[in-house]
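This is a predicted model, so every value here is computed, not measured.
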Amino acid sequence: MSYFFVASILGVFVATAAAIVGMFCLYVWVVHRRYNHIPGPKRDNFFLGNVPRLQARKASQLVPNIFIEWSQNGKYKVIVFWFFWVPIIVCLDATGTKKILTDNRHTKSKRIRDMVGYVLGNRFMGDGLLTMVDHTAWKKRRSVFNKSFTRKKLIGFTPLMNECAEVLCDKIQDFANGDTQISMVEYFTRTTLDVIGKIAFGMDINSILEESNPFPKAISQVMGTIAAINCRPSLAFNPFNSLRKAVKENVLVLRETGRKCIEDRIETINNNKKQNDNDLPQDMLTGLLKDIAISQEVVDIEVLIDDFCTLFVAGQDTTANLLSFALLEIMKSKEISGRLKDEINEVMEDRKNVTYQDVCKLTYMKQVLKETLRMYPPVTGTARQTHGPLASEITRFRTEPQSSSALCLRVVSRNTFQIQSYSIQTDFQQIAPKKSTISLTTPSPRAPAFVSAKFSLRLNQKLF
């Protein structure tokens, strides 16, 4: 009797498990069928999707270039690839991108928020400006930060930028013997950290001169972990991952630094209520805290720390990469470096420090920086979570002129839609129908492949 009872329980258990597995397989099959009309790479595995192919790629092969390859070099403007059994729609079309980004129904992707905001379970950027999903709350928070980027504020920040730039020039001048190689992207990163620290939070990080400073190292290691997870998604599911301990320590360094900075400033503002506001540091943090106090809004300090981490990461990484790639292209062309030198000499004359008015007059310099952003965007794309079916006329799959009718694009609600700005901006016909005002290299249908900005520079006595 007991054997019969055990066999019955075991049979029920096996039947239930088989039913669950069967229902899950049926669900995955239905999802696959639902998106079969959208072109894309063939699935490597029924359950794993295209993850094996992404993990098997070469280290030098970047994801944006893989998307271009999967689109058959621009033949298809919308493709789908499979992250396990989850469909990820990739948009390589300017018209489709505009339609998605201007529709407030489609919020930021929660997957991106979890990956960047909470790295391996550790709160990093949390619910900061970059990762906040609620559009209404984001708009309100962004309006507060916009006050720190007015013309008057930027003019006041110019002396601090000059100070950090002068420290950088003095530092690299020490290596200008013709034989020493240095990584300019590292020094650009440290310079932008110092600038953001002074302008946004009144902090003297001094990472240019103090190379052992743990702050830039912590940011670099956390961002490196995010990049590694993006390349190898299985790292996020490995509980024995050696990166977990390092990420926890580095995130703690960053967030505790932000906590101390914010708490000290709140105490300073409270002690200065009956005195002149001019005695307070005139930076972004002071303005933000005063606006919060005026609105009588209750804001968790953890959210303020989220914005602290967001400003440092988003500001230093994008700016450092822009300057690094711009310098790389400038050094490859004597014509461009010559024109820049002539313009700088004409605007600056014999003055050492740059003013806000000088920046407005550096027309060719702005063209060089904008073209660099087009060729090497620091952020290759973004993502949206669809909360409504997308219209079928969003884009055409094919780019041939004879394709006059748009193929039906049926994308149901609650799916991740990736916007690939890098792939879009490399298409001259879509983004820049008119001839570009500056050409860093010989114009071609596509810009050079996206490469790492980590290059070394052998300095001579003069940069130009």
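The structure places CG of L289 at 10.0 Å from OG1 of T268, a figure rounded to the nearest 0.5 Å. Rounded to the nearest 0.5 Å, atoms CD1 (I266) and CD1 (I301) are 5.0 Å apart. To the nearest 0.5 angstrom, N250 atom CG is 4.5 Å from Q221 atom CD. Between the OG1 atom of T372 and the CD1 atom of I330 there is a distance of 6.5 Å, given to the nearest 0.5 Å. Note that CZ of F124 and OG1 of T131 are 10.0 Å apart. Values are rounded to the nearest 0.5 Å. For the atom pair CG of N50 and CZ of F84, the computed distance is 11.5 Å after rounding to the nearest 0.5 Å.
The backbone N or O of V347 lies less than 3.5 Å from a partner atom in the side chain of R351, making a donor-acceptor pair. A donor-acceptor pair under 3.5 Å is absent between the side-chain atoms of K171 and the main chain of Y187, judged by distance alone. Although no hydrogens or angles enter the test, the distance criterion places no donor-acceptor pair under 3.5 Å between the side chain of T319 and the main chain of Q316. Proximity of a side-chain donor or acceptor of E343 to a complementary backbone N or O of T363 within less than 3.5 Å is detected. Here the side chain of N162 pairs a donor or acceptor atom with the backbone of V354 at under 3.5 angstrom. Remark: side-chain polar atoms of R255 are paired, donor with acceptor, to backbone N or O of E302 under 3.5 angstrom. Judged by distance alone, with hydrogens and angles left aside, the side-chain atoms of N345 form a donor-acceptor pair with the main-chain N or O of K341 at under 3.5 Å. Remark: side-chain polar atoms of S337 are not paired, donor with acceptor, to backbone N or O of M331 under 3.5 angstrom. At distances below 3.5 Å, not a single donor-acceptor pair connects side-chain atoms of N122 with backbone N or O atoms of Y118. T310 places no side-chain N or O within donor-acceptor distance of the main-chain N or O of G128, the cut-off being under 3.5 Å.
Other residues, nucleotides and ligands contribute only 12 or fewer heavy atoms inside 6.0 Å of the NZ atom of K361. Other residues, nucleotides and ligands place more than 12 heavy atoms under 6.0 Å from the CD atom of Q357.
Residues M132 and A137 approach most closely at SD-C, 3.5 Å, considering heavy atoms. Closest approach of L369 to A326, counting heavy atoms only: CD2-CB, 4.1 Å. Residues C164 and V195 share a closest heavy-atom pair of CB-CG2, 3.6 Å. The nearest pair of heavy atoms linking P41 to V80 is CD-O, 3.4 Å.
Under the 4.5 Å side-chain criterion, counting only non-hydrogen atoms from C-beta, T189 is not in contact with E186. Annotation: side chain of L323 is not in contact with side chain of M184 (no heavy-atom distance under 4.5 Å). A heavy-atom distance below 4.5 Å is found between the side chains of I336 and L340. You'll find the side chain of F188 reaches within 4.5 Å of the side chain of L168, heavy atoms only. Taking 4.5 Å as the limit, every side-chain heavy atom of L322 sits out of range of all side-chain heavy atoms of T318. Side-chain contact between I305 and R259 is present, with heavy atoms from C-beta onward closer than 4.5 Å. With contacts defined as side-chain heavy-atom distances shorter than 4.5 Å, the pair R123/D306 qualifies. Between M161 and I199, the closest side-chain pair of non-hydrogen atoms falls below 4.5 Å.
Salt bridge status for K260 with E256: absent, with no side-chain N to carboxylate O gap under 4.0 Å.
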Intermediate values then yes/no, side-chain contact (heavy atoms from CB on, under 4.5 Å), D44 and V51: CA-CA 8 Å; D44 302 308; V51 172; over 6 Å; no

Test log, rule side-chain contact (heavy atoms from CB on, under 4.5 Å), inputs R113 and K108: CA-CA 8 Å; R113 170 184 175 273; K108 294 179 182 178; over 6 Å; no

Kindly determine whether I219 and L193 satisfy side-chain contact (heavy atoms from CB on, under 4.5 Å), including the steps that lead there. CA-CA 10 Å; I219 293 180; L193 281 178; 3.7 Å; yes

What verdict does the side-chain contact (heavy atoms from CB on, under 4.5 Å) test give for L120 and V251, after you've listed the backbone C-alpha separation in whole Å, the side-chain angles of each residue and the deciding distance to 0.1 Å? CA-CA 11 Å; L120 296 178; V251 168; over 6 Å; no

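Every residue two or more places apart in sequence or in another chain that forms a ring-ring contact (aromatic ring centres under 6.0 Å, His included) with F81 is listed here: F67, W70. The side chain to side chain donor-acceptor pair (under 3.5 Å) test applied to N146 returns R142, not counting sequence neighbours.
Looking only at atom types and distance, the side chain of T355 has a donor-acceptor partner in the side chain of D358 under 3.5 Å away. For the residue pair D194/S207, the side-chain donor-acceptor check at 3.5 Å is satisfied.
Within the structure, salt bridge (charged side-chain N to carboxylate O under 4.0 Å, His left out) pairs that include any residue of residues 154-166 comprise E163-K198, E166-K352 (at least two apart or interchain).
For F312 and F215, the ring centers sit closer than 6.0 Å to each other.
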